[in-house]
Colleague: 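Provided herewith is a single structure, encoded as structure tokens, for subsequent inquiry.
It should be emphasised that the depicted structure is a prediction, and the values quoted were computed from it without experimental measurement.
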Amino acid sequence: MCDFRNWRSRSSSFGKKRSIYAKSLEQRRGAPRFVFYEGPPTANGLPHPGHCLTRAIKDLFPRYKTMRGYFCERKAGWDTHGLPVEVEVCKELGIHSKEEIEAYGVEPFVQKCQQSVWRYMQEWERLTERIAFWIDLSQAYVTYHQRYIESVWWSLKELFDRGLLYRGHKIVWWWAQGGTALSSGEVSQGYRQVADPSVYVKLPLVDDPQTSLVVWTTTPWTLPSNTYAAVHPDYEYAVCRDKETGERVIIASALVDSLAEKMRRQWEIEQTVTGGELVGRRYLPPFDCYYQKYGNTQGKLIDDGQEHLYWRVVAADFVTLDSGTGLVHIAPAFGEVDYGLLVTEQQRFDPAGPVPELLCAVAPDGKFTDDCPAYRGTWVKDADRTIIRDLKEKGVILWVDQYLHEYPFCWRAEQDPLIQYPRESWFIRTTEFRDAMLANNAHIGWHPENIRDGRFGKFLESNVDWALSRERFWGTPLPIWQCEVTGKQEAVGSYKELLQKPGVSGTEVWEQAKAANPELADDLKIHKPYIDAITYDSPFAPGARMRRVPEVIDCWYDSGAMPFAQWGYPHCGQEQFRENFPADFISEAIDQTRGWFYSQLAISTMLFGDTHPYPHPFKNCIVLGLMLAEWYESKDGKQRFLTEEEAREALGSNYVCKTGKMSKQLRNYRSPQEIFDTYGADALRWYFFANQPPWSSIIYSERAIRDSIPEFLLRLWNVLSFFTIYAEIDGFAGPREIRGTVDQLSADELACASTYRPVAQRNEMDRWILGEVAHTSAEVIRRMDAYDSFGACQELIRLVDGLSNWYVRRCRDRFWGAAPIAESDDKADAYWTLYEVLLDVTKLVAPFVPLVAEAMWGHLTLGCGRESVHLCDYPQGDMTRYDATLAERMDLLREIASLGRSARMEAKLKVRQPLQRVEVSLADDRHVDWLQEHDRVVRDELNVKEIAYNTGNSPYIEYQVVPNFKLLGPRLGKLLPRVKQALGEADGASLVKQMHEKNRIQLALADGQTIDLEASEVEIRLKARPGWTAAQGRRCVVVLSTDLTPALIREGYARDLVRFIQDMRKQMDCQFTDRIEIFVETDAPELVAAIEENAEYISGETLATALRVNPADGNAARAWATYQIADHDVRLAIAVVSPAP
RNA sequence: GGGCGCGUAGCUCAGUUGGUUAGAGCGCGUCGCUGAUAACGACGAGGUCCCAGGUUCGAAUCCUGGCGCGCCCA
């Protein structure tokens, strides 16, 4: 007998599982590949529940495809570079800034980073094992390994040589005091509300100095670097004459009234123009520091003609009317969109001549440079006040007040405001591939589909060049060496290539470090600072040296290169790459849209777009939803609990249930480890798979996980438990009875057992459930092949429900019979059917719940055949076994039973009370004969003596004929409501009669028109007439006869008695096979009569060898218990006469 | 501010080209079963399908506009 709790803690040894994984691969070698790419997690943080979901989904499909016959290798990978690693190490060292790292020493710092990467490796490996994620950790690719980096280098050299890598500016959030850029995460931590000056500045037109553009800014210090003024080309602008001063200002028409009121001016609109008409007008900037030099400089446009480089009106779609004036001061050095505008302008000019440059009067330390002598050396924020004063004197300030807004400060130095600042950066010209990427994207199978044209497609459409470089330490070094004299650059594709350069030197730095500390990982030699030491002779200038540029690259590039870099391609692994490109399947959470999904697609499109047909590098991607936590907290939010029980204990009813982001700080979720220990990994897996489509957000709720167990896992396990109990009793040893080879225990193999009979010879129930299994297999395959794991789970749930609540429930007595299997075909059939179903179900669920399935396999195979269910083929679903008509009939049978129970409930007649008769009225007569032949189950289920079926007139029901809207809608259109009405008003019975006789209905409408309706165009519904104990469904009505005869009542008493005896058996811990003697004492003659009349039935049900009513030795010492039947006391005692062996 | 997604039972969610009684599980209630038993089963109550317009013979479903929530990006 098996204990359902066993599988919870069941966890076979890692070593054994690994070997089965290896075997599962080995036996598919040479088969078509199913290629899976592992998106590399970072192992320098603890895994959390979200990772469980990704790992579960990533495991499901490879397991499924392997069982389906594909060869699916699963190579693990680790993402190891990047800022998070540096931050961890900084925390450990208690330092923050880049300067501090440099003071500490780049060499020891990088060494620490390399070690830190593996800090939580064990936890990751344990999670991977516990959630039964089959992946080859021993062959994992690691992004800091030399082989990996050289592969990345090769790709960068390709891009460089094709002119796709360039140096430009990137506007970053800059901590001037610390001299470092902050990541967006860091920036968002530091926002707080401040009051900044709000300044409206006049920019007089060059050709009409009495008229000024008006721009608005909250950062006056950016005004010396002003380059353009932007308008929205579609907005209307007003030229307003100030009635007091006579001067004119230009602002957006929509804002004239509100601004005039704010500034207490009286403006009269002289003229309106569109933004487009303003484009090209020149103005005088607020400061002349650059104007003196460039004020009249013109450049040659690519489309012929000349234009002034700076201080013109330009068009920009990002201009809004929400604040300001509808005209925007553009300082490209200090704003990302501003910079974008400059780039757009630059592209209009012929690069042979002068082109607009980035005007930046501020140094990296946040102080003004010589470009702006008036404020030289002043910290920009301190200069604001002086700037406003100077501009006032100059008469170009229209208005000044204060503006409250959120502004970011440095999270490590709270008094330091961040500024947007241009840094030199390397870019990849991804914008050139925008259309190619979109074309590639169009071929990808996204799940859910909307990602393609939605979030991901939209992201691609607004593509900007990839800012590749990072001014950091721990990352893949950018493989570009630069001539110290000419500044000319070249890319290097491998370490070997580097060493072969002429006059190479500097390798000794690494060699010495390694000699001093032999423990150092060899992969470090290709990292900073060792790689920076390597220089060689410049091919561009005699005597000059080539030195590496100092940057490392964005670690997203690392992971995006994994389709080839995991093999070290092209330096090695060319064959592996060819065989494993592109991937059939990847999966990550939605936050990877701009991360790994993009980096992979972008790199692959650029490198392999010309040589490989789309899509690549992945064909299908399941985009997972975010995982949310659920917890309970006190109403003031101060106390938090993970379960409702804990909350209730501590707070009574003063708690609320919350769902929200998972948070390490809040500690609002349970560790996956605890869930595994309590409920088992499969419970978690099944919850993830079966409770919602993977792309909807998932609430990680302990309660929900627990509650999801009974519906499927426990139910399935109980069926197995039922089977094993009786298999033991009857000595049914399935696999051992097979003469011949026992391997996967397929139908062919089972057929070799002497008691196994062809399915066609078995009864309806057996054929039905085997058909259900076949049908479900086919459906599960269809859905899994479409990456619809949720739908597949629904099918499995349906199957197990039918198995447990119909097949086993209705077939129990077949297992209870006394005859040995060898002598009872029916019993043998029951065993072989249930056995085969369980085997197939075990295989079907194996990819979903591998641990439970493996335990089931063990119980079913008794050590015969394949050692693991995971080495079996997935059941294909033998559809010759599926009889659609039988399935429909069985469905109807279940519906009748259900309606019958409903009717009993209404009449308050418990099932133990037998009834003489039910009437079943059906909408049509297609299945009547069959139902009549097979109604034993219904009689049993409803405890009735007879069932009468009818499809004609019945006193209990009336007919309702309704149109088949789907068919008639297109045919009749507007006529349909009238047809519906006419059908409703006509006499249902006569319509049905007409239908039976002519197979069509002629319907007269109110206006005299006649409509001809075919049988398929209407639907006949049944309705119980009021006053009967009846229940109605779509297809039938079940009516109960509630008249009880004395004999029926007595039979009900007997069933009551049986129930009490069974109760006593249970209390006495009787074995299922124990025989007993029953003693009954009662004064009620009708009970005595009932017992005597049904003695055989009572003894049979309770395995009694003797039934003594009011025995002569009534006072003998027995364990009497008193029960009540129909208000009479009944005293009962039982004694075991022959215990089970 | 922009993009994407989501609003369906007390809770968590299904609902496949629009078709007339909107489903499941949990929870709740009533009852049953007691040879699957530290289980199991049935039945029931519970819905303005966020709101308002529109398209249509017909809308939870399609369109438009609101409102609310979430994520991503500014």
Colleague: For every nucleotide of nucleotides 3-8 of chain B, 5' to 3': is a protein heavy atom under 4.0 Å from its base (B), only from its sugar-phosphate (S), or from neither (-)?
Modeller: BBS---
Colleague: Give me, pair by pair, the N or O atoms of the protein and of nucleotides 42-44 of chain B that are less than 3.5 Å apart, along with how far apart they are.
Modeller:
unit_1, atom_1, unit_2, atom_2, d
B:rA42, O3', A:R901, NE, 3.3
B:rA42, O2', A:R901, NE, 3.2
B:rC43, OP1, A:S898, OG, 2.2

Colleague: Tell which nucleotide pairs with B:rC69, taking only Watson-Crick or G-U wobble pairs whose two distances are both under 3.5 angstrom.
Modeller: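 Partner of B:rC69: B:rG5.
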Colleague: So A:V719, base contact, sugar-phosphate only, or nothing? Heavy-atom distance under 4.0 Å.
Modeller: base
Colleague: Would you mind pulling out the nucleotide paired to B:rU55, Watson-Crick or G-U wobble, both distances under 3.5 Å?
Modeller: none
Colleague: Just the atom pairs and distances: protein N or O near nucleotides 55-61 of chain B's N or O, under 3.5 Å.
Modeller:
unit_1, atom_1, unit_2, atom_2, d
B:rC57, O4', A:G973, O, 3.3
B:rC57, N1, A:G973, O, 3.4

Colleague: Does any nucleotide pair with B:rU37 by Watson-Crick or G-U wobble geometry, both distances under 3.5 Å, and what is it?
Modeller: none
Colleague: Listed by chain and number, what are the side-chain contact (heavy atoms from CB on, under 4.5 Å) partners of A:R809, not counting sequence neighbours?
Modeller: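 Only A:R812, A:R901, A:E941 meet the side-chain contact (heavy atoms from CB on, under 4.5 Å) criterion with A:R809.
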Colleague: A:D785: what forms a side-chain contact (heavy atoms from CB on, under 4.5 Å) with it, not counting sequence neighbours?
Modeller: A:Y64, A:K65, A:R68, A:I781
Colleague: Report which part of the nucleic acid A:V962 touches: base, sugar-phosphate, or nothing (heavy-atom distance under 4.0 Å, all strands).
Modeller: nothing
Colleague: B:rG19 and B:rC31: how far apart are their C1' atoms, nearest whole angstrom?
Modeller: 37 Å
Colleague: Can you tell me if A:D801 uses its side chain to pair, donor with acceptor, with the backbone of A:I797 under 3.5 Å?
Modeller: no
Colleague: Output a table of nitrogen or oxygen pairs between the protein and nucleotides 15-17 of chain B separated by less than 3.5 Å.
Modeller:
none

Colleague: Closer than 3.5 angstrom, by distance alone: can the side chain of A:S599 be matched with the main-chain N or O of A:W556 as a donor-acceptor pair?
Modeller: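 The answer is yes, because a donor-acceptor pair under 3.5 Å joins these two groups.
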